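Every chain is numbered from 1 and lettered A, B, ... according to where its sequence line falls, protein lines coming before strand lines. Remember, it's a predicted structure, so these values are computed and weren't measured experimentally.
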Amino acid sequence: MAKLTLIQAINDGLKVAMRRDPNVLIMGEDVGINGGVFRATEGIHAEFGADRAIDVPLAESGFVGAAMGMAIYGLKPVVEIQFDGFLAPAHEHLVNQIARIRNRSRGRWHVPMVLRIPSWGGIKALEHHSESIENWYVNNPGLKIVAPSNPYDAKGLLLAAIEDPDPVLFMEPKRLYRSFRAEVPEGYYTVELGKAAIAREGTDVTILTYGVHVHTALEAAEKAAAEHGWQAEVVDLRSLNPLDLDTIIASVKKTRRAVVVSEAPRTGGFHSELVALINDHALEYLEAPVARVTGFDVPMPYLLSEDFFLPDAGRVLEAIESVKTY
Amino acid sequence: MAKLTLIQAINDGLKVAMRRDPNVLIMGEDVGINGGVFRATEGIHAEFGADRAIDVPLAESGFVGAAMGMAIYGLKPVVEIQFDGFLAPAHEHLVNQIARIRNRSRGRWHVPMVLRIPSWGGIKALEHHSESIENWYVNNPGLKIVAPSNPYDAKGLLLAAIEDPDPVLFMEPKRLYRSFRAEVPEGYYTVELGKAAIAREGTDVTILTYGVHVHTALEAAEKAAAEHGWQAEVVDLRSLNPLDLDTIIASVKKTRRAVVVSEAPRTGGFHSELVALINDHALEYLEAPVARVTGFDVPMPYLLSEDFFLPDAGRVLEAIESVKTY
Amino acid sequence: MSTTQANALDMEQLFEVRRVLSPDGTLVGPEPDLTPDQLKDVYRWMVYLRVFDQRSLNLSRQGRMGTFAPFGGQEACQVGSAYWLAKGKDWIFPTYRDHGAMQVLGVPTKNIMRYYMGDEQGSKAPEGVNAFPISIPIATQLVHAVGAAWAAKIKKEDTVTVGYAGDGGTSPGDFHEALNFAAVYNTATVFFIQNNRYAISTPNAKQFKTKTIAQRSLAYDIPGVRVDGQDVLAVLQVMKEAVDRARSGGGPTLVEALTFRYGPHTTPDDPKKYRTQEELEEWQAKDPIERLRKYLVSKGIWSDADEQAVYDWAKETVNAAVEAAEAEPRPSVDAMFDYLYEKPTPELERQREYLKAYLAKKSQGEAKTHG
Amino acid sequence: MSTTQANALDMEQLFEVRRVLSPDGTLVGPEPDLTPDQLKDVYRWMVYLRVFDQRSLNLSRQGRMGTFAPFGGQEACQVGSAYWLAKGKDWIFPTYRDHGAMQVLGVPTKNIMRYYMGDEQGSKAPEGVNAFPISIPIATQLVHAVGAAWAAKIKKEDTVTVGYAGDGGTSPGDFHEALNFAAVYNTATVFFIQNNRYAISTPNAKQFKTKTIAQRSLAYDIPGVRVDGQDVLAVLQVMKEAVDRARSGGGPTLVEALTFRYGPHTTPDDPKKYRTQEELEEWQAKDPIERLRKYLVSKGIWSDADEQAVYDWAKETVNAAVEAAEAEPRPSVDAMFDYLYEKPTPELERQREYLKAYLAKKSQGEAKTHG
Ligand SMILES: Cc1ncc(C[n+]2csc(CCOP(=O)(O)OP(=O)(O)O)c2C)c(N)n1
Ligand SMILES: Cc1ncc(C[n+]2csc(CCOP(=O)(O)OP(=O)(O)O)c2C)c(N)n1
Ligand SMILES: [Mg+2]
Ligand SMILES: [Mg+2]
């Protein structure tokens, strides 16, 4: 099997999808000849032509809205948002139209579209290039939210998202685009949306996380093992909606302690929902309050202060210690 | 003291603010001669003229963004968003600009502006007219979020919001606009942002809520008293950011049981943050998991199904029973 | 030529208002290419829609329907804009005020009524009728119209889409983005703007500075045209040109139809707050139905008996729709959970179960209390 | 006149490109109303900015600065657009590529460098300099520019605001909303659009169908003008007219400056992927600095010694700014919490405390490990 980086896995996934279904196309800013600012779409314009690798005028509301029009007409647009912060102009279409059209038309129309969103920080980019946009949408029913943490899942979840008949926000951990390689099967396969993965088994504490911070959690888990002999179980949610509640609750019931990790600002993040779900379904199992390791309630700072903001393995380790020694 | 409805209190508050500060102005769709679709701005155009009661072209991104330009120039725009769902086009300005400009300019500029947003359901309006938009912003630092539940607070919080040097989302419970009258002092007074109110004292369970559902909670509390002899304490948050954590935690520690009520969809609402905060600060006091009474993870339905969606006193009572009999 | 000269262009002259019938029904433009049967069909549609519209506004006022947006006065626009579209093929993307055009394309009257009564089922167009659900968020539907036409082009189908908006609908960014995308990708989209002079209370003068909306076409290098929106034959003619051009690969057109709504913006609105009685009467004197009737009479193809018959038929048909709409059961609890995704998520199933249990308990409780 | 005629207008002719100097520095338009000192000042600014820009791009490539957006090639636009503004009074609302204009208005070079090094302090213009922080979200700043000018008008002040955007910046809805608002409320706003032919890799032809951006002014009934953006005297002339008109109550103007960036979009970009070497050279042959230099020389007011002196001065001054910028301490943890609101919320104070405690523990731990 080929060893691919996460961005290569996405590029491969896009090509595989486009080869098997003529209705799949990609669109976005600079995704054509330029191959995308992260090179996710490299080679697609050459292989599939300008009708299926569409460079759009610079207007997210317009091209996300137009993609919805395409989707209801029967195409499957995979739209690249150049950077997370630039999803904001498309907000109205997402919340008021795309998320709702199947429901309001009682199934007459649906929107099989995927928004690929390079997400989160860690690459010391300019302002608005390192955002946690999931929380604009976790309280907004109708949009699936998927977040891979490794090349295998990235391709498999992307193919599942493209196959899915409903709109999917596909959050790509840009910090991991080129940070490591892993084996990725050739050709078509899917990873089911809504199924978490146990990234590391353990018995002493459950760490719930997704996307880029699966790796922060794994690093902290190794430290906890080395320093304290504690085995942390790392649950990679992979999908925020649908959410794999069963896996989450089973793990928490087993370890009786939980840490949630996300780099979104602390107040009102999806991590808070995870705490609430544990409250609902496993409160009496808890030996300690769930610990939250998150960003802070400030905008992502400019690059010199980025490290202040982002959760690191040290903060996760401290959280593990806090729930273990409560 | 005059007995005013909530909408009259807001109208009065606007006029009081405009009389004392020539930099305060109102703007929005149909807020001028027409006096606003809810009549919140009635009489303002006549008293203050077209320069301070501005009818804008129909473009929320434009007029919310322009209001930011006005605010940094030294005016204090109070912007009416006609209905909650129509805030969506202004999302980019709110999250990427308005929420951040003080921080990014290190205090050189700030945005003393208020967005008045008729919020939530219960009036059987058309689509997009009954939304819970707070959750687009609770995880987005930089915007204060205020939600009165009665005429006195509505005027006092509005005046405090206008005086506040930072941007405030002022969520008005449209269902309560004309539903009852209460005493409202003449002239200027403020209700401090960030201080909750105990709407009803009690010892058996804490109900945390804001805006329209303070009344649902009070109704449920009366039923709980009548049917079970339990005294529920109802905490009216009044402000989501800043949040009065001390009052919340003190109440929960006292009653050892909590119910949170909000009509936002269940997953990832601010109500989930409240559960997480109780987890952080009072977990060991809890006799039962916190119960959430919320909307469902679907868009607000059309009017014939609205009652299915909205929390009512019966559902809150059931939640009280569940935490009392756990 | 200097800037000043460019900006001194007389746009009202450049975009002269297209007209076929004068308000008294006499021919002032080229005679339209319509058979007598088509002319009568158009007339019947306008009458039907007016009867429907008035009836619906009444139902809304009586509380038998929720807030309603009447189009009375704009019937020529409603009929003329959709009349030439190929059913089962072409698409429309309407606003809350374009449920007349929706019916012309084939949406049953009952659906429109159910929509305004508050049932999502009303937004479900029958198979074969490509009328998108009403869009309330202003101008969003215009980019959807472009997207659908763009998809058709990619699929090499000669589908035409029509995006509707009002004068206020030209202000949001989506108007601009839609026209720009349509122009760049040469999509088969007709932008049909009903300029009824007000966006709720906001008059044209506070919405835009230009004397016309049609001139916005110059910003995108696409054809633009102004048409008398109270003259159905002119609207038909202009739309025929635009639809034909779109279908044959000629790209998008911006149509500005000058019109007026006689009634309130929506049920609770009071137009007297912002419009004069004179202005209303001035427009009523240009009534589109009356105008076509006079023309039909002058052509000798319309009698008083025809007139009586069409109103009788319209009232009966609308009555039947009201009855059918009111006979529909309330949407079920299940319907609230069933349609968001192809398959409800596990969390939705949990929520459904909870709500059903609660409602069952509640109705038992109520049964006890009242029983 | 019919639609066809309106749409057959020759926009390139109507919006003829304004030019004062030909690429070889000879006068082809009316001699500008600038003193020799002003002409030399303008020249010095362009040289300074080019030296600054190249140095910054190098720092970025060396990793001493983050991602940087160079404007090299667009110096005439940068200087000419801001030159006439009244410091301490007028406002500019720049993009990430307009840090040249920001400096002309009075933002210290060090600030720009700190911004791109990743310090919010760089976005804080000194008191008295009304340069808004760089806006990265495309076109958003245009509505802010309108809002500020609108406020000035309400306060009866004759402040002028300039909103900057690129060719790509004409596509978002905010462009439309800004121009429409400015037109309706007649605000003193100049929209200065640098059409450098590409939005990252996307060429004009995929951004809009029209041959000009200036013609968009017709959609708002405001003056529009095209200008040779490599001819600083033409840019100065056009901006003088626009700023004077705005200040005297004549409302907004849309200026399209035709220009080209020589370098990458930002540091990581590779323009060879989407532009040819010929195109670059074609534009370099029209270089704005060289063009003005030739004119100054031909007027006998510029010598080789002057030339040497200005480059020496520019390099030294930029060097000093680099030193000063690199000498700045890292932003503190406190700075992350201090500026979001006038007064941090209790929750922010709790978070600050937690983070400081963690960092203290961490640095102790590190001290132990490494000590
Ligand atoms: C984005 C958005 N903002 C505000 C509204 C509220 N609203 C509904 S209709 C309307 C006026 C629309 O006027 P116009 O486009 O002229 O259409 P008309 O109602 O006259 O047919 C407004 C402001 C809305 N529906 N959507
Ligand atoms: C809303 C938004 N979408 C996407 C981007 C990413 N982006 C940054 S610059 C740019 C191209 C801008 O081109 P143009 O307006 O022509 O200005 P130029 O860079 O050529 O000066 C894009 C797409 C952004 N900054 N904001
Ligand atoms: Mg209108
Ligand atoms: Mg450009």
Donor-acceptor pairs under 3.5 Å, chain C to chain B, main chain and side chains both?
| unit_1 | atom_1 | unit_2 | atom_2 | d |
| --- | --- | --- | --- | --- |
| C:Y115 | OH | B:E127 | OE1 | 2.7 |
| C:G118 | O | B:L304 | N | 3.1 |
| C:E120 | OE2 | B:Y302 | N | 2.7 |
| C:S123 | OG | B:Y302 | OH | 2.8 |
| C:S201 | N | B:D30 | OD1 | 2.9 |
| C:S201 | OG | B:D30 | OD1 | 2.7 |
| C:T202 | N | B:D30 | OD1 | 3.3 |
| C:T202 | OG1 | B:D30 | OD1 | 2.9 |
| C:K206 | NZ | B:D55 | OD2 | 3.3 |
| C:Q207 | OE1 | B:L58 | N | 2.7 |
| C:K273 | NZ | B:E42 | OE2 | 2.6 |
| C:R330 | NH2 | B:L304 | O | 2.8 |
| C:Q351 | OE1 | B:D297 | N | 2.7 |
| C:Q351 | NE2 | B:D297 | OD2 | 2.9 |
| C:Y354 | OH | B:R315 | NE | 2.9 |
| C:Y358 | OH | B:D312 | OD1 | 2.8 |
| C:Y358 | OH | B:D312 | OD2 | 3.2 |
| C:Y358 | OH | B:R315 | N | 3.2 |
| C:K361 | NZ | B:E318 | OE2 | 2.8 |
| C:K362 | NZ | B:D312 | OD2 | 3.1 |

Measure [X] against the heavy atoms of chain C and call it side chain, backbone, both or neither at under 4.5 Å.
| X | answer |
| --- | --- |
| B:F296 | both |
| B:V56 | backbone |
| B:P89 | neither |

Pairwise distance CZ(B:F309) to CG(C:L355) - rounded to 0.5 angstrom: 10.5 Å
Side chain proximity check, C:I136 to B:F86, heavy atoms < 4.5 angstrom: yes
Determine the option with the most heavy-atom pairs under 4.5 angstrom with chain C, choosing from B:G35, B:P301, B:G62, B:G32. B:P301
Which of the residues B:G314, B:A59, B:P57 is involved in the greatest number of heavy-atom pairs with chain C at under 4.5 angstrom? B:P57
Name the option with the most non-hydrogen atom pairs under 4.5 Å to chain B; the candidates are C:G169, C:P137, C:G173. C:P137
With respect to chain B, which residue among C:A139, C:G168, C:A335 yields the maximal number of heavy-atom pairs within a distance under 4.5 Å? C:G168
Looking at residues at least two apart in the chain, or sitting in another chain, which of them share a side-chain contact (heavy atoms from CB on, under 4.5 Å) with B:A225? B:R200, B:Q231
Locate the shortest heavy-atom distance separating B:L303 from C:G66; write the atom from each residue and the value. CD2-CA, 3.9 Å
Side chain, backbone, both or neither of C:I200 within contact of chain B (heavy atoms, under 4.5 Å): both
